[in-house]
Amino acid sequence: MVHQFEVEENVYSVVASLQEAGYETYIVGGAIRDLLQNRPPKDYDISTAATPEEIREVFGRRRARIIGRRFQLVHVRCGKDIFEVSTFRRAPAEKSHEPQTPGARKIAALEEAENMIFNDNDFGTSEEDAWRRDFTVNALFYDPVSDELIDYTGRGIADIESGLVRAIGDAKLRFEEDPVRMLRALKLVGQYGFKLERKTENALIATLPHLELASSSRLSLELEKILNSNYTGSILQAITDYGLLKHFLPYVARADERKRWEKSLQLLKVRDGRVAAGYYRNSASLAMAALALPFIDTMIDGNYRLQYAQAPEAAQTMPEMWDEENLRQALLTIYQPLAIIKRLNCSACRMLAIQPMLLGRNNPRKVVRLRGFAHAMELFKVQCESGYLQCDTQFITKWRDVIINMGGVNRKDAGDADRNGNAGGENDNASGEYRKRKRRRHRRSNHRKGAADLPGQRDSGDLGNSDLQLGF
Ligand code: ATP
Ligand code: MG
């Protein structure tokens, strides 16, 4: 089917180079799903008949780097962009011989028991590749050179039009093979308002506890992607509504924490709205802090901060700052068993630590200069806008005046350590090597996964339009 999409020049060039070298190549996955919905793609995934080594030969070692074990792929650099290029896969082959080592036997036993896939490196044709993808809406292939759109499952386009998430093949088996697909399905529900197709829905409900079998690193990565999206609140709402939360974030899903979790969802929805409206840039660490805040308020000072905000005259003074070590421990508890990467944790701790100071009687000019202030201020606004913090207007007026007098917030002080962040100097132990690694990661991730900064939102760590709306 001929279908004309506008794709970025660099992605076109990578596809064309592989095709010129004789390899069938397409843009695949979420980008095509987004283009069909008239949304700008978050990133582009490319799939090709070339093996990882052949891809590296086409682009050279300096531009192409093979990564991954469970699922090998190549990062190809083109100008300032880096694209993920994967080789067409087919469903994993039947096991033909007995595993030899204890480790291999353990994995084989697990695979047998749970149908889980641990290795996904059997190369195949483009059609085989489409059938091993998760959902019909994610299995469309587009050739930007010939303008051809291929829907191998025959249902992808129709399912996008009717907003249906339909597993490819036997839905229950597909969720058992890789339980992370359940989160991926609910991401589509939260993000686009898609519905689960009936069989897919029944299979998901029957397979919920399997999520606990997925590795903690993959679940952490998935959570990071959710925090990095502009739809964190609605995705976590879908995960809650389907009963998956207790297998994903068991602490926040406890029955006695229900009220606090509802507040978390509310805070996240407000922050999503502010990102969508362009008031502040997308920040995973800010989402991480917003999710945790209702739990933190109870854990750290028994909700004293919330009471103080309402009636500061009646209360005693606010503590200067929340202790970062206590916050770190609290975040570990809230996000258990997931190991949220350290740089998100540091940034979230910093903006949380400042929260009581925004209500206190400290020297405001000093507070504004604290590392992490811009994010802390945005988190404060999110709390005010959502009604979580019923704050006396004197605080709002005070910060508006201080920030205006100081000519805005120093962007460098955004204190952000997110995947997609661009503010510097935020790590407490920022050694040269750490900074180098971080720069590399930024370069990679900006064009690979979850680089959700929208144009024009990158630097809104200073006073923005929202400030007027909120009376700041
Ligand atoms: P996003 O817009 O969030 O990037 P996406 O669908 O592109 O969404 P990716 O993680 O980039 O998500 O994956 C690219 C494609 O790879 C998917 O569209 C899907 O076809 C396939 N895929 C990813 N993860 C899985 C999985 N666990 N099982 C099967 N196919 C998968
Ligand atoms: Mg993608």
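Being a predicted model, the structure only gives us computed values, none of them experimental. Remember, it's 1-based here, ligands and their atoms both numbered in the order they're listed.
- For F5 and Y142, the gap between ring centers is short of 6.0 Å.
- Listed by number with element, the atoms of ligand 1 under 4.0 Å from a non-hydrogen atom of R181 are 26 (C), 27 (N), 28 (N), 29 (C).
- The heavy-atom pair separating S86 from R89 by the smallest distance is CB-NH1, 4.1 Å.
- A search for salt bridge (charged side-chain N to carboxylate O under 4.0 Å, His left out) contacts involving K269 returns nothing, not counting sequence neighbours.
- Within 6.0 Å of CZ on R258 lie no more than 12 heavy atoms contributed by other residues, nucleotides or ligands.
- When each atom of ligand 1 is checked for a heavy atom of K42 under 4.0 Å away, the hits are 1 (P), 2 (O), 3 (O), 4 (O).
- Ligand 1 has an N or O atom lying under 3.5 Å from an N or O atom of R184, backbone or side chain.
- Which parts of ligand 1 touch R132 is read off a 4.0 Å heavy-atom cut-off, strictly below it: atoms 29 (C).
- The salt bridge (charged side-chain N to carboxylate O under 4.0 Å, His left out) pairs that include a residue from residues 186-195 are K187-E222, where partners are two or more places apart or lie in different chains.
- Sorting the N, O or S atoms of D45 by how far they are from the Mg ion (ligand 2) puts OD2 first.
- Ring geometry, W261 versus F295: the interplanar angle falls from 30° to 60°, so the pair is classed tilted.
- Between E84 and ligand 1 there is no heavy-atom distance shorter than 4.0 Å.
- Each of the atoms 7 (O), 11 (O), 14 (C) of ligand 1 lies under 4.0 Å from some heavy atom of D45.
- Residue V28 does not touch ligand 1, judged by heavy-atom distances below 4.0 Å.
- Checked by atom type, the side-chain pair D143/Q19 shows a donor-acceptor distance below 3.5 Å.
- For ligand 1, the atoms closer than 4.0 angstrom to any heavy atom of G30 are 5 (P), 6 (O), 7 (O), 18 (O).
- Taking 2.8 Å as the criterion, E84 does not count as a coordinating residue of the Mg ion (ligand 2), since none of its N, O or S atoms falls below it.
- In D43, the N, O or S atom that comes nearest to the Mg ion (ligand 2) is OD1.
- Using a 4.0 angstrom heavy-atom cutoff, K225 counts as in contact with ligand 1.
- Under a 4.0 angstrom heavy-atom cut-off, V180 registers as lying outside contact with ligand 1.
- In this structure, R371 forms no cation-pi arrangement with F373, as its terminal cationic atom is not both closer than 6.0 Å to the ring centre and no more than 45° off the ring axis.
- The closest approach between any non-hydrogen atom of R33 and ligand 1 is below 4.0 Å.
- The heavy atom nearest to atom 30 (N) of ligand 1, considering only D178, I168, D134, I32, is found in D134.
- Between the E197 side chain and the K199 main chain, a donor and an acceptor come within less than 3.5 Å of each other.
- Every atom of ligand 1 with a heavy atom of G29 under 4.0 Å away is listed here by number and element: 18 (O).
- The aromatic rings of Y280 and H375 sit perpendicular, their planes meeting at an angle over 60°, well past the 30° parallel limit.
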